[in-house]
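Only heavy atoms go into these numbers, but all of them, side chains included; no hydrogens, no water, no symmetry mates. The structure presented is a predicted model; accordingly, all values stated were derived computationally and were not measured.
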Amino acid sequence: MSDTVFFPHEILTEILLRLPPKSLLRFTTVCKSWRSLITHPSFISLHHRLSSSFLLLQFSNRFILPHPHRHHHPSTTLRLPSLPHHYYSVVSFCNGLVCVAYGEHYQSVVVCNPCIRRFVTLPAPLQHYPCYYTSSVALGFDSSKCDYKVVRISCMVDDERYGLSAPEVEVFSLATGSWRTLDHGIAPVCYVARDTPPGFHDGLVHWVAKRYEAGGWYNFVLSFHFEGEMFREVMLPESLARRTSWGTLKVVGGGNGKTLTVYELDGGSPCSCNIWMMKEYDEVESWNKAFSFLMSGFCLEAPSLGMMLTDVKIPPKGLCVTCSGEVLLLVDVAGRRCLYSLDIKKESFTDLQIEIGAGFVYCGYYADSLLLLNIASGVVSY
């Protein structure tokens, strides 16, 4: 009598769906039927939907977790491939995939899954731009076609035409393995700086953009929808849209998918660092200045918390919003670049005891997945 136990297909599927990707990767060698099940697109999609997302910080080619999570520690298990270029940037996470780009105009782009240690190098984009252009890249998911896409927008920064032309837009499809150039003018006339990181909100990617109109600069949030491959403008509150002082604006990614967050650094004296939140998406009246820091000399104050930090060399840097609504900030205190968590609802500002080295590059949400497992063309294991 055989000791072999056979499970009905439905029960086997339920069991496998609850296993981590590394185990499933090993189980693809058990038999052809298991491999067929695990690599099927519907199984990969369902497995990802059942996986919880967690916040990761990237240091060089490895990742760490700012909070404990589950049964493993990504700082020792999740690594990027060894790439030939040292000066690369992680530009976005999407459903377990990591997008890495390098080059003056991000001509080289790699999409990898560090959980199963596989990556694909994208072909060079169709357009080559001169030095007076700047480019930005983001990875996203088109749910209507179950396809992952990379968008590259490139803007002219020539002084004579600064901000007077619409960006050039190219989209790469992982399903087709090719780039397409979108119709000129599909994006509004604007400028997006290279050092403006994209922020993600409910399937859209956002950048802070600006253009020159009515004798001054006008700031707004530029959104791109991967499903329809369309751009939209999201208005900022008037004080941000028409701001004239030196400083920076950036969309802070993460959160619960319901609130759009913008971090403002006003370079006046004293310097103010403000966190703005749009509670109802695309409703300009719902913008609210949720929190403010003041920085005078080397002192950082949070008046609403009655808190002060001394020996702060540079203003805090807004990194990401957690699923519970906490804002993560990078603060340089007495020469130590530390990660702090600001909980606006609970009125707390906490040092997470994570010192950030010079190699810190990116902060975002990540979820274990099997993506790239069932794609053969161009995928490399590492």
Side-chain angles (χ1 to χ4, degrees), residues 134-136 138 151 153-169 185-225 230-255 257-295 304 315-321 327 329 342 344:
T134 182
S135 299
S136 184
V151 59
I153 61 174
S154 302
C155 306
M156 180 182 287
V157 293
D158 185 354
D159 290 342
E160 294 182 0
R161 295 183 60 195
Y162 190 66
L164 298 182
S165 61
E168 303 290 339
V169 184
I186 192 171
V189 172
C190 66
Y191 170 69
V192 177
R194 175 187 168 92
D195 59 356
T196 301
F200 293 87
H201 168 88
D202 198 22
L204 306 178
V205 61
H206 298 81
W207 299 267
V208 171
K210 63 179 181 180
R211 62 170 167 262
Y212 199 77
E213 61 178 42
W217 286 108
Y218 172 72
N219 302 300
F220 61 96
V221 174
L222 178 68
S223 72
F224 179 75
H225 191 237
M230 298 295 293
F231 287 91
R232 289 187 62 189
E233 295 184 26
V234 180
M235 293 177 63
L236 289 168
E238 187 66 19
S239 62
L240 297 186
R242 301 292 180 181
R243 70 198 300 267
T244 57
S245 60
W246 174 87
T248 58
L249 291 173
K250 64 171 287 190
V251 179
V252 182
K258 298 179 181 178
T259 303
L260 187 63
T261 304
V262 167
Y263 185 75
E264 174 198 15
L265 173 60
D266 188 337
S269 182
C271 168
S272 64
C273 311
N274 304 311
I275 297 171
W276 294 79
M277 293 185 173
M278 177 181 262
K279 296 188 180 297
E280 297 294 332
Y281 187 78
D282 208 17
E283 295 289 338
V284 66
E285 297 81 8
S286 71
W287 278 111
N288 174 52
K289 186 189 289 187
F291 197 86
S292 293
F293 291 99
L294 292 176
M295 188 168 176
S304 63
K317 179 180 179 181
L319 299 180
C320 190
V321 182
V327 181
L329 301 113
L342 171 65
I344 298 174

Shortest non-hydrogen contact between [X] and [Y], atoms and distance:
{"X": "M295", "Y": "P270", "result": "O-CB, 3.5 Å"}
{"X": "M235", "Y": "W287", "result": "O-NE1, 2.7 Å"}
{"X": "V234", "Y": "F220", "result": "O-CB, 3.7 Å"}
{"X": "L236", "Y": "V284", "result": "O-CG2, 3.8 Å"}
{"X": "M277", "Y": "T261", "result": "CG-OG1, 3.9 Å"}
{"X": "D266", "Y": "C271", "result": "O-SG, 3.2 Å"}

Side chains of [X] and [Y]: does their closest heavy-atom pair fall under 4.5 Å?
{"X": "K210", "Y": "Y218", "value": "no"}
{"X": "W207", "Y": "P167", "value": "no"}
{"X": "V189", "Y": "E213", "value": "no"}
{"X": "L240", "Y": "N219", "value": "no"}
{"X": "I153", "Y": "F231", "value": "yes"}

> Okay, side chain of K289, backbone of N274: is any donor-acceptor separation there less than 3.5 Å?
Replying inline: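 A pair under 3.5 Å: no.
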> What is the ring orientation for W217 with Y212, classed by angle as parallel under 30°, tilted 30 to 60°, or perpendicular over 60°?
Replying inline: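 Aromatic pair W217/Y212 classed perpendicular.
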In Å, rounded to the nearest 0.5 Å, how long is the span from [atom1] of [X] to [atom2] of [Y]?
{"X": "F293", "Y": "S304", "atom1": "CZ", "atom2": "OG", "result": "8.0 Å"}
{"X": "K317", "Y": "L329", "atom1": "NZ", "atom2": "CG", "result": "11.0 Å"}
{"X": "L222", "Y": "R232", "atom1": "CG", "atom2": "CZ", "result": "11.5 Å"}

> Which residues satisfy the salt bridge (charged side-chain N to carboxylate O under 4.0 Å, His left out) test with E233, sequence neighbours excluded?
Replying inline: R211
>> I'd like to know if K279 and E285 make a salt bridge, using a cut-off of under 4.0 Å between side-chain N and carboxylate O.
In response: no
> Who pairs with Y263 by ring-ring contact (aromatic ring centres under 6.0 Å, His included), at least two apart in sequence or on another chain?
Replying inline: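 For Y263, no residue satisfies ring-ring contact (aromatic ring centres under 6.0 Å, His included) once neighbours in sequence are set aside.
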